[in-house]
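The structure appears below as structure tokens.
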Amino acid sequence: MPGAMLVCCLLAGLIMGTGSLVLAQMPGRAATPSGPIGASMAVLAMLQDADVLPPEGTPEANHVIKAVIQFQSVFLKSGDPIVQTFLSHAFVAQRGSGANEAAARFRSAGWTSDVLEALSEQWVATAIDQRERLAPGFRQFNVSLADFDSLVGFVAKARTAFEQRGENLYQVFAQRRREMPGGTQ
């Protein structure tokens with residue numbers, strides 16, 4: 001448990017540090033609410049629990065951390081209509097008439113396992129030429145199509161790892177989310 005707490009603290013520092021750099025560039029924004037910070041930490045902890053997160057301190061691990069943080073920012077803050085349409089289509093495909101509620105929850109609390117799954121499914125269902133249209137919106141947040149493909153791949157690997165152990169991605173994420181800032185007990 002102490003090792004896990006240390007990792008969470010290190011991840012929190014990385015997340016808050018990176019988030020502060022991004023926010024410092026955005027006029028009128030002083031701080032990130034604890035919900036999105038805790039949500040990013042929960043995603044990283046979930047990936048670690050699935051044993052798919054690369055070893056801490058490696059360039060690969062730093063890349064995953066950046067992708068988790070930056071893509072949450074992309075989907076929360078981007079004004080790019082193509083990015084927002086992609087997100088909207090993901091919610092509609094997963095939630096149907098509950099899409100607006102899911103979008104509102106995401107905007108207030110950040111990542112959820114449902115959002116990760118919806119975006120992953122939308123990504124797989126999107127033709128490569130249509131994916132290319134997302135590139136300009138992603139570039140505004142210093143990430144690429146390959147970065148998103150990698151993040152989607154980590155989510156898929158985590159899902160498979162949990163299923164092989166008789167666990168569920170949604171339950172593991174929910175538990176980790178409760179343990180992080182902005183989580184409910």
Side-chain angles (χ1 to χ4, degrees), residues 7-26 32-33 35-80 82-84 86-87 89-91 94 106-107 109-126 128 130-162 169-170 172-173 176-177 180-182:
V7 169
C8 286
C9 290
L10 290 173
L11 291 174
L14 286 170
I15 291 168
M16 287 188 271
T18 304
S20 297
L21 290 174
V22 171
L23 288 172
Q25 298 171 5
M26 297 181 67
T32 298
I37 292 170
S40 288
M41 291 171 63
V43 171
L44 293 168
M46 178 192 71
L47 294 175
Q48 182 181 25
D49 289 348
D51 294 324
V52 299
L53 194 61
E56 185 179 335
T58 63
E60 295 82 12
N62 293 338
H63 186 258
V64 174
I65 292 167
K66 176 186 174 189
V68 168
I69 296 165
Q70 292 303 101
F71 279 110
Q72 180 174 246
S73 292
V74 166
F75 293 112
L76 283 174
K77 300 174 185 173
S78 176
D80 185 287
I82 296 169
V83 169
Q84 290 306 310
F86 179 82
L87 177 64
H89 286 170
F91 285 135
Q94 183 185 60
F106 172 59
R107 285 187 174 77
W111 287 129
T112 67
S113 51
D114 287 334
V115 172
L116 291 168
E117 288 282 30
L119 288 170
S120 294
E121 290 168 11
Q122 187 65 30
W123 183 250
V124 170
T126 302
I128 292 175
Q130 294 298 311
R131 290 180 183 179
E132 294 291 329
R133 298 177 65 216
L134 292 162
F138 287 2
R139 273 196 299 270
Q140 293 174 355
F141 289 82
N142 299 312
V143 287
S144 67
L145 297 173
D147 294 329
F148 191 65
D149 193 58
S150 176
L151 178 60
V152 167
F154 277 103
V155 171
K157 288 177 189 173
R159 182 185 328 104
T160 300
F162 289 131
L169 180 121
Y170 297 99
V172 173
F173 179 85
R176 287 310 214 155
R177 185 64 192 97
M180 302 300 168

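Scope of the values below: all heavy atoms of this structure, side chains included, with no hydrogens, waters or symmetry mates.
- At least one side-chain heavy atom of F106 sits under 4.5 Å from a side-chain heavy atom of L87.
- Distance CG/D51 to CZ/F162: 8.5 Å, rounded to 0.5 Å.
- Summarising the geometry of A45 relative to M180, their closest heavy-atom pair is CB-CE, 3.8 Å, with the distance given to 0.1 Å.
- In terms of heavy-atom proximity, W123 sits nearest to F86 at N-CZ, 3.7 Å.
- The nearest pair of heavy atoms linking P54 to V64 is CD-CG2, 3.9 Å.
- Taking both residues in full, the closest heavy atoms of Q140 and S78 are given as OE1-OG, 4.2 Å, listed atom of the first, atom of the second, then distance.
- Distance CG/L145 to CD1/I128: 10.5 Å, rounded to 0.5 Å.
- Taking the side chain as every heavy atom from C-beta outward, H89 and T126 never approach each other to under 4.5 Å.
- For R133, the CZ atom counts as loosely surrounded, since its 6.0 Å shell holds 12 or fewer non-hydrogen atoms of other residues, nucleotides or ligands.
- Residue L53 holds its CG atom at 11.0 Å from CD of E60, rounded to the nearest 0.5 Å.
- Q94 contributes atom CD, which lies 10.0 Å from atom OG of S120 (distance to the nearest 0.5 angstrom).
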Checking L119 against W111 for the side-chain contact (heavy atoms from CB on, under 4.5 Å) test, could you report, in this order, the C-alpha distance in whole Å, the side-chain angles of both residues, the deciding distance, and whether it holds? CA-CA 11 Å; L119 288 170; W111 287 129; 3.6 Å; yes
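- Residues E56 and Q48 are not in side-chain contact: their nearest non-hydrogen atoms beyond the backbone lie 4.5 Å or more apart.
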Starting from the C-alpha separation in whole Å, work towards a yes-or-no answer on ring-ring contact (aromatic ring centres under 6.0 Å, His included) for F138 and F148. CA-CA 9 Å; F138 287 2; F148 191 65; 5.6 Å; yes
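- The heavy-atom pair separating V68 from S40 by the smallest distance is CG1-O, 3.8 Å.
- Rounded to the nearest 0.5 angstrom, I65 CD1 and M41 CE are separated by 11.0 Å.
- The shortest distance between side-chain heavy atoms of Q72 and V43 does not fall below 4.5 Å.
- Put simply, CG on L116 and CD on E121 are 11.0 Å apart, with the number rounded to the nearest 0.5 Å.
- D147 and S150 share no side-chain donor-acceptor pair at under 3.5 Å.
- Within the 4.5 Å cutoff, side-chain heavy atoms of F91 are placed close to those of V115.
- Proximity of a side-chain donor or acceptor of K66 to a complementary backbone N or O of N142 within less than 3.5 Å is detected.
- Residues M46 and V172 approach most closely at CG-CG1, 4.1 Å, considering heavy atoms.
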